[in-house]
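One structure is given here, and the rest of the page talks about it.
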2 protein chains.
Amino acid sequence: MMFTYMCRTCGCSFRSRDFGNVERFIEPCILLLLSKDSSHGYGLMEDLEKHCGEKVDIGDFHRTLRRMERDGWVKSDWEKNEAGADRRVYTITQEGKEFLKSAANSLIRTDKLIHKFLEGFQKSQSV
Amino acid sequence: MMFTYMCRTCGCSFRSRDFGNVERFIEPCILLLLSKDSSHGYGLMEDLEKHCGEKVDIGDFHRTLRRMERDGWVKSDWEKNEAGADRRVYTITQEGKEFLKSAANSLIRTDKLIHKFLEGFQKSQSV
DNA sequence: CATATATATATGATGTTTACATACATGTGT
DNA sequence: ACACATGTATGTAAACATCATATATATATG
C-alpha cells in the first residue's frame, strides 16, 4: 500500500506508504482461513482479498507462507494438480492455532489504542 | 514491542516483534498532541505514553520528529532552557493538520479491517 | 505449432521501519 | 568531583515491504 506525495519545493512526486497498516496483519488472516480448511497459496488469495480488504502481492505472499512454516504456524505438503502447476497445500498447526488466539488478543489491544486516538481526534475536531 | 518465543528444535529463545503494531502510529499521536499545543520531544514523551499506551524509544522518537519535519508535518525552533539543555520546540503545520485528518480516516478503515477479522475469529471460536 | 494466458511457487534487489546501544551537551544536587 | 535528570542525536543490524523477475505446467486460440 503505497501513497504518492508531491514534494513542496521542486514539485517532484515521491512515494510513501499509506497510513494505518497493521504489521503482518496478513498472518492471522491466513491462519483464520486455514483454521477452517487447508489450502494452497494461490487459492488463498481470493478469500484473503475478501477478508483483508486489501490487494496482496503474490511474491510477498508466498514468502510470508514460507516464513510461517519456518515459524511453525503452518506445515505444507505438495499436491498433484491436473489443471496446472503442482500446489503446496498449507495446514495450520496446533502452534498456529495458539498464535492465532494471541494475535486476536493483540488486535483487541490495538483496536483499543486506535479508538483512544480517534476519540481524542474527534474531540479536538468538534471544538 | 518485542516478544520472546521458544525455538521448537533447539529450545533456544528468540525474539520477534509483538503482533498488531500499527506502522508509525506514533506520528498521528504526536500530531494530535501538537494540534493542542506546541511542545518539545522529551516533553511529549509523558503524554504519549498516556495516549499511545506503549513505551516509546527516545532515540527512535527524536528521529521520527526529524523525519516529520522533513516531510513537512511539523516545524521546529530552538528554545533556551534555564533548567537544562536547550530544547527543539515543534509546532504542527497546516500540512500536518491535513495529514492528521487523513491518518484518522485511514485508521477508521484499519479499525474496520480489524473488526472484520475479530468477528470472523469469534465466530470460528464459538463452534 | 507457436503464442498467449491462467494457474502456481519462488527469489533477487532495494528501500523503509524498528530496536537497541551509544554519544553528546547542559544544569542541579550532594 | 560525581551522579543524575533533562534533552537531542546517530550508528548499526535485523526485520519488513515493494517491485520486478524467474520458473514450471496446463489450457485456449490463431
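Chain letters run A, B, ... following the sequence lines, proteins first, then strands; residues in each count from 1.
One interatomic measurement links the two molecules: CE of A:M45 to P of C:dA10, which rounds to 14 Å at whole-angstrom precision. Between A:R63 atom CZ and D:dA17 atom P the separation is 11 Å, expressed in whole Å. Nucleotide D:dA17 holds its P atom 14 Å from the CZ atom of B:R24, rounded to whole Å.
Electrostatic pairing of B:K101 and B:E98 does not count as a salt bridge here, judged by no charged N lying under 4.0 Å from a carboxylate O.
Listed nucleotides C:dT17, C:dA10, D:dC16 differ in distance to B:R67; the shortest reach to its side chain belongs to C:dT17. Here the side chain of A:R87 is nearest to one of C:dA8, D:dA17, C:dC20, namely C:dA8. In the set C:dA10, D:dA17, C:dT16, the nucleotide with an atom closest to the side chain of A:E23 is D:dA17. For B:R88, taking side-chain heavy atoms from C-beta onward, the closest of the listed nucleotides C:dT9, D:dA9, D:dT6 is D:dA9. Here the side chain of A:D57 is nearest to one of D:dC19, C:dT17, D:dT8, namely D:dC19. Listed nucleotides D:dC16, C:dT17, D:dT25 differ in distance to A:A85; the shortest reach to its side chain belongs to D:dT25.
Below 30°, between 30° and 60°, or above 60°: for A:F25 and B:F117 the angle between ring planes is above 60°, a perpendicular geometry.
Checking B:H62 against A:T64, the closest nucleotide of DNA chain D that is more toward the 5' end is the one next to B:H62. Residue order along DNA chain C, read from the 5' end via each residue's closest nucleotide, puts A:N81 first among A:N81 and B:D86. Positionally, the nearest nucleotide of DNA chain D for B:G84 lies more toward the 5' end than for the other of B:G59 and B:G84.
Just one residue in the list A:E69, A:H40, A:R87 forms a side-chain hydrogen bond (donor to acceptor under 3.5 Å, both in side chains) with A:S76, and that residue is A:E69.
When heavy atoms are screened at a 4.0 angstrom cut-off, A:L65 is found touching no nucleic acid atom at all. Counting non-hydrogen atoms under 4.0 angstrom, B:R66 reaches the backbone sugars and phosphates but no base.
Without hydrogens or angle criteria, B:N21 side chain to A:E23 main chain gives no donor-acceptor distance under 3.5 Å.
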